[in-house]
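Predicted model, so just to flag it, every value in this text is computed and none were measured.
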Amino acid sequence: MTRPRLLLAFVVLGAGAAVLSGCATPAGSGGAASTAPSASGSASESASPGASGGAAGTDDVEAAWLDGGRGVGLVTYGSSSCLPVIGEPTYADGVLTVDISDPEGEACTRDLVPRGSYVGLPEGVDPTRELEIVVTGTYADDTDLDGLEGEIAVPEEFAPSAGWADDDMMLILSWGSSTCPPVLESAEAAGAEVQVRFAEPVADQVCTADMAPRVTVVAVTGAVDDDAAVTAVLSGGEFADIRLPVLGTP
């Protein structure tokens, strides 16, 4: 897999919906969270008025296994305020194809940051075998993921998961409001563990009531044991010392 330099220490991005004025409830849900889509982009801060788009496609796409091999996280580099739109993925002959394009008609900041997006995998993808990923659209590129080895722990529905995208880049998938994603504070590796700390939620923050995939791009400092199965320990914010196996190898 191509390994670009990580441009920011971290960026938290969620998938999803437009900001609503109040804690909205999806139609017909009766107050319950809605089912997340199989493929989704991310959400972040709104754009500054009049700003133009950032440099798209200037860094390679990175990928990580997530959700017990039921999905992958894809990292693209571009504006933090104009997050990519993820098309419906297709799979044939060992190749996953997915379109990733910039939204049309939006004003964008000119920064260049890594954004994480979740792609639910179509039928037929075997996470124990190598997966070739072809990205079309604005961020046209290709990458691949080695098949997962050993027993794969499949999390419960809407449970968080983690996977390696690079030597010092981890992706963490969580589910919840698309407008209030978790905010990363730090990620320090030591031996077979990575301590990942999130910020406490902002008081009186208004959030939508959807259930969307949010992919956090995590820059990991320190060193992990190359021969050990690494565990991510999530704390702070909405996480209460949750321990996750990190899929793949750093």
Side-chain angles (χ1 to χ4, degrees), residues 1-3 12-17 33-43 60-77 83-101 114-166 169-176 178 181 210-218 229-230 232 242 244-250:
M1 186 189 314
T2 309
R3 305 190 185 280
V12 177
L13 303 165
S34 62
T35 302
S38 62
S40 176
S42 307
D60 297 327
V61 171
E62 290 286 354
W65 292 107
L66 293 171
D67 204 23
R70 293 179 297 199
V72 296
L74 297 179
V75 178
T76 57
Y77 292 78
L83 303 174
V85 177
I86 309 298
E88 189 69 22
T90 60
Y91 177 74
D93 300 324
V95 179
L96 178 74
T97 302
V98 58
D99 185 271
I100 305 181
S101 298
R115 298 86 49 88
S117 301
Y118 178 71
V119 178
L121 295 177
E123 291 289 335
V125 178
D126 182 354
T128 66
R129 301 178 66 87
E130 182 180 17
L131 178 65
E132 182 181 351
I133 302 172
V134 174
V135 175
T136 60
T138 309
Y139 299 90
D141 194 14
D142 61 85
T143 187
D144 60 80
L145 281 171
D146 292 334
L148 297 173
E149 298 180 356
E151 185 177 352
I152 303 172
V154 178
E156 296 181 0
E157 188 177 21
F158 303 134
S161 58
W164 289 109
D166 202 350
M169 182 195 293
M170 180 191 299
L171 303 186
I172 294 177
L173 169 68
S174 61
W175 301 82
S178 60
D210 55 338
M211 182 65 77
R214 296 91 52 92
V215 176
T216 304
V217 182
V218 178
V230 178
I242 297 176
L244 303 175
V246 184
L247 299 180
T249 55

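- Using a 4.5 Å cut-off on side-chain heavy atoms (C-beta onward), Thr136 and Thr97 make contact.
- With a 4.5 Å cut-off on side-chain heavy atoms, Pro122 and Leu96 count as touching.
- Within the model, atoms CD1 of Ile100 and CG of Leu83 stand 12.0 Å from one another, a figure rounded to the nearest 0.5 Å.
- Taking each heavy atom of Ser117 and Pro84 in turn, the nearest pair found is OG-CG, 4.0 Å.
- Without hydrogens or angle criteria, Asp141 side chain to Val61 main chain gives a donor-acceptor distance under 3.5 Å.
- Between Ile152 and Trp65 the shortest side-chain heavy-atom distance does not fall below 4.5 Å.
- The side-chain heavy atoms of Leu244 and Ile242, taken from C-beta on, include a pair separated by under 4.5 Å.
- More than 12 heavy-atom neighbours from other residues, nucleotides or ligands sit within 6.0 angstrom of CD on Glu130.
- When each of Asp126, Val72, Val98 is paired with Leu121, the side chain to side chain contact (heavy atoms under 4.5 Å, CB included) condition holds for Val72 and for no other.
- For the pair Ala162 and Ile172, the tightest heavy-atom approach, listed with the atom from each and the gap, is CB-CG1, 4.2 Å.
- To the nearest 0.5 Å, atoms OG1 (Thr249) and CG (Leu148) are separated by 9.5 Å.
- Residue Ile133 holds its CD1 atom at 11.0 Å from OH of Tyr91, rounded to the nearest 0.5 Å.
- The two residues Pro114 and Tyr77 come nearest to each other via the heavy atoms CB-CE2, 3.6 Å.
- No side-chain donor-acceptor contact under 3.5 Å links Arg129 to the backbone of Gly147.
- Tyr139 has its side chain out of reach of Leu74: every pair of non-hydrogen atoms, C-beta onward, lies at least 4.5 Å apart.
- Going from atom OG1 of Thr128 over to atom CG of Asp146 covers 12.0 Å, rounded to the nearest 0.5 Å.
- Looking at Pro155 and Asp67, their side chains come closer than 4.5 Å, going by heavy atoms from C-beta outward.
- Nearest heavy atoms, Leu171 versus Val215: CB-CG1, 4.2 Å.
- For Arg214 against Pro181, the heavy-atom pair with the smallest separation is NH1-CA, 3.6 Å.
- In this structure, Gly68 and Val154 approach most closely via the heavy-atom pair O-CG2, 4.0 Å.
- Note: Glu132 CD to Thr143 OG1 = 9.5 Å, rounded to the nearest 0.5 Å.
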